[in-house]
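Step one of this worksheet: look at the structure below.
Here is how names work: the chains are called A, B, and so on, in the same order as the sequence lines, proteins then strands, and each is numbered from 1. None of the values given here were measured: they were computed from a predicted structure.
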Amino acid sequence: EDQVTQSPEALRLQEGESSSLNCSYTVSGLRGLFWYRQDPGKGPEFLFTLYSAGEEKEKERLKATLTKKESFLHITAPKPEDSATYLCAVQSNSGYALNFGKGTSLLVTP
Amino acid sequence: SAVISQKPSRDICQRGTSLTIQCQVDSQVTMMFWYRQQPGQSLTLIATANQGSEATYESGFVIDKFPISRPNLTFSTLTVSNMSPEDSSIYLCSVTRDTDYEQYFGPGTRLTVT
C-alpha cells in the first residue's frame with residue numbers, strides 16, 4: 001500500500017530564514033511525486049511534479065528534489081506570503097489517483 | 001494548466017438531504033477525480049470519473065452514497081446523498097491533462113451538514 005509521510009507537521013520561520021520540508025514515501029512503482037500549496041479555504045495549487053530520482057525543479061523561492069525514498073521542498077529566503085500548507089502526493093504507475101500526505105503547515109513571520 | 005470551477009462554493013444542508021456539486025473545466029480532459037478533505041485532514045480520493053464509463057470508487061466509498069455523472073469531457077457532478085454530519089467536508093474535483101500526468105484542482109465546495 002502506498003504511504004506518504006510529511007514532516008514536520010508545522011514549521012514557523014522568520015522571513016529570510018531558509019528551510020526544507022520533507023516527504024517520505026513508499027509506492028509500488030512511482031509514476032510521479034507532486035507538490036501542492038494550499039491556502040485556507042482554497043483548493044490545492046499545483047507546484048511541481050517530479051518523475052525520477054535525481055530530478056530537481058525550481059519556482060521562485062521553491063526548489064523540489066527527489067530521491068528513491070523521499071522528496072524535499074526547499075524554501076529559500078521565505079516571505080510571509082509563502083505561509084500556507086504544503087502537500088505532497090504520490091501517483092503510482094498503476095493509476096492516476098494521488099495519495100496525499102497530511103501536509104506541512106508553514107508560517108513565515110516578518 | 002486548467003481552469004476549474006465548482007458550484008456551489010459552500011452550502012449548509014440538513015441531515016437526510018442530498019446535495020449535487022458541479023465541476024466545470026475550461027478544456028476537454030479525459031480523467032476527472034473527486035476528493036474529500038475532512039476538517040484538519042488531507043485529501044482522500046472518492047472516485048475517478050471518465051467520460052463514457054462508470055465511475056470507479058475507492059475503498060470505503062459507494063455509488064449509492066456518492067453517485068457521480070460525467071456526461072461530457074468538460075463537466076462532472078458529485079452527489080452527496082442522505083447526508084449526515086460526518087459528511088461535513090470540503091469536496092474537490094481535479095483533472096489530469098491528457099498530455100502529461102499533472103493534476104489540477106478546483107476551488108472546492110465546503111459542505112456543512114447540520
Side-chain angles (χ1 to χ4, degrees), chain A residues 1-10 21-25 27 29-52 55 57 59 64 66 71 73 84-106, chain B residues 1-10 21 23-25 29-50 53 55-61 68 78 89-112:
Chain A
E1 184 178 327
D2 300 349
Q3 281 198 318
V4 180
T5 303
Q6 291 188 246
S7 61
E9 289 185 12
L21 312 183
N22 177 262
C23 173
S24 298
Y25 67 91
V27 63
L30 181 70
R31 172 177 278 140
L33 184 139
F34 294 69
W35 282 99
Y36 290 88
R37 168 191 172 129
Q38 187 173 30
D39 293 297
K42 296 190 176 182
E45 175 190 345
F46 174 81
L47 294 175
F48 305 107
T49 307
L50 302 169
Y51 294 103
S52 58
E55 189 175 1
K57 288 189 176 177
K59 180 180 180 180
L66 180 65
S71 176
L73 185 64
T85 295
Y86 290 85
L87 299 170
C88 170
V90 296
Q91 185 181 64
S92 77
N93 54 23
S94 63
Y96 295 92
L98 297 180
N99 187 357
F100 280 86
K102 293 185 177 181
T104 293
S105 176
L106 174 65
Chain B
S1 65
V3 178
I4 305 167
S5 61
Q6 288 186 231
K7 291 181 180 180
S9 59
R10 59 176 62 225
I21 303 168
C23 178
Q24 179 76 51
V25 192
V29 293
T30 301
M31 308 194 73
M32 296 182 77
F33 306 87
W34 287 99
Y35 288 81
R36 181 174 74 180
Q37 188 172 28
Q38 294 180 301
Q41 302 297 314
S42 194
L43 284 75
T44 301
L45 180 67
I46 297 172
T48 302
N50 293 334
S53 63
T56 303
Y57 289 83
E58 297 299 302
S59 176
F61 298 96
I68 289 171
L78 169 75
S89 292
I90 299 173
Y91 291 85
L92 297 136
C93 73
S94 71
V95 304
T96 295
R97 296 186 308 192
D98 292 353
T99 53
D100 55 36
Y101 304 119
E102 294 183 356
Q103 196 164 130
Y104 299 92
F105 283 82
T109 295
R110 181 180 294 272
L111 170 63
T112 302

Q: Select, from B:T44, B:L92, B:L43, B:T48, the one with the greatest count of heavy-atom pairs under 4.5 Å involving chain A.
A: B:L43

Q.
Using heavy-atom distances under 4.5 Å, tell me whether A:Q38 contacts chain B through its side chain, its backbone, both, or neither.
A. side chain

Q: Check each atom of B:L45 against the heavy atoms of chain A and say whether the ones under 4.5 Å are side chain, backbone, both or neither.
A: side chain

Q: To the nearest 0.5 Å, tell me how far B:Y104 OH sits from A:E45 CD.
A: 10.5 Å

**Q.** Heavy-atom closest contact (A:F46 atom, B:E102 atom, distance)
**A.** CZ-CD, 3.5 Å

**Q.** NZ/A:K57: more than 12 non-hydrogen atoms of other groups inside 6.0 Å
**A.** yes

Q: For A:F100 and B:S42, work out which heavy atoms get closest and say how close.
A: CB-OG, 3.3 Å

**Q.** Contact class of B:Q6 relative to chain A, heavy atoms under 4.5 angstrom
**A.** neither

Q) So which of A:R31, A:K42, A:K102, A:Q91 has the largest heavy-atom pair count under 4.5 angstrom toward chain B? A) A:R31

Q: Would you mind checking which part of A:F48 comes under 4.5 Å of any heavy atom in chain B, side chain (CB onward), backbone (N, CA, C, O), both or neither?
A: neither

Q. Taking all atoms of both residues into account, what is the closest heavy-atom pair of A:L98 and B:Y35, and its distance?
A. N-OH, 3.0 Å

Q.
Strictly distance-based, threshold 3.5 Å: is any side-chain N or O of B:Q103 a donor or acceptor partner for the main-chain N or O of A:Y96?
A. yes

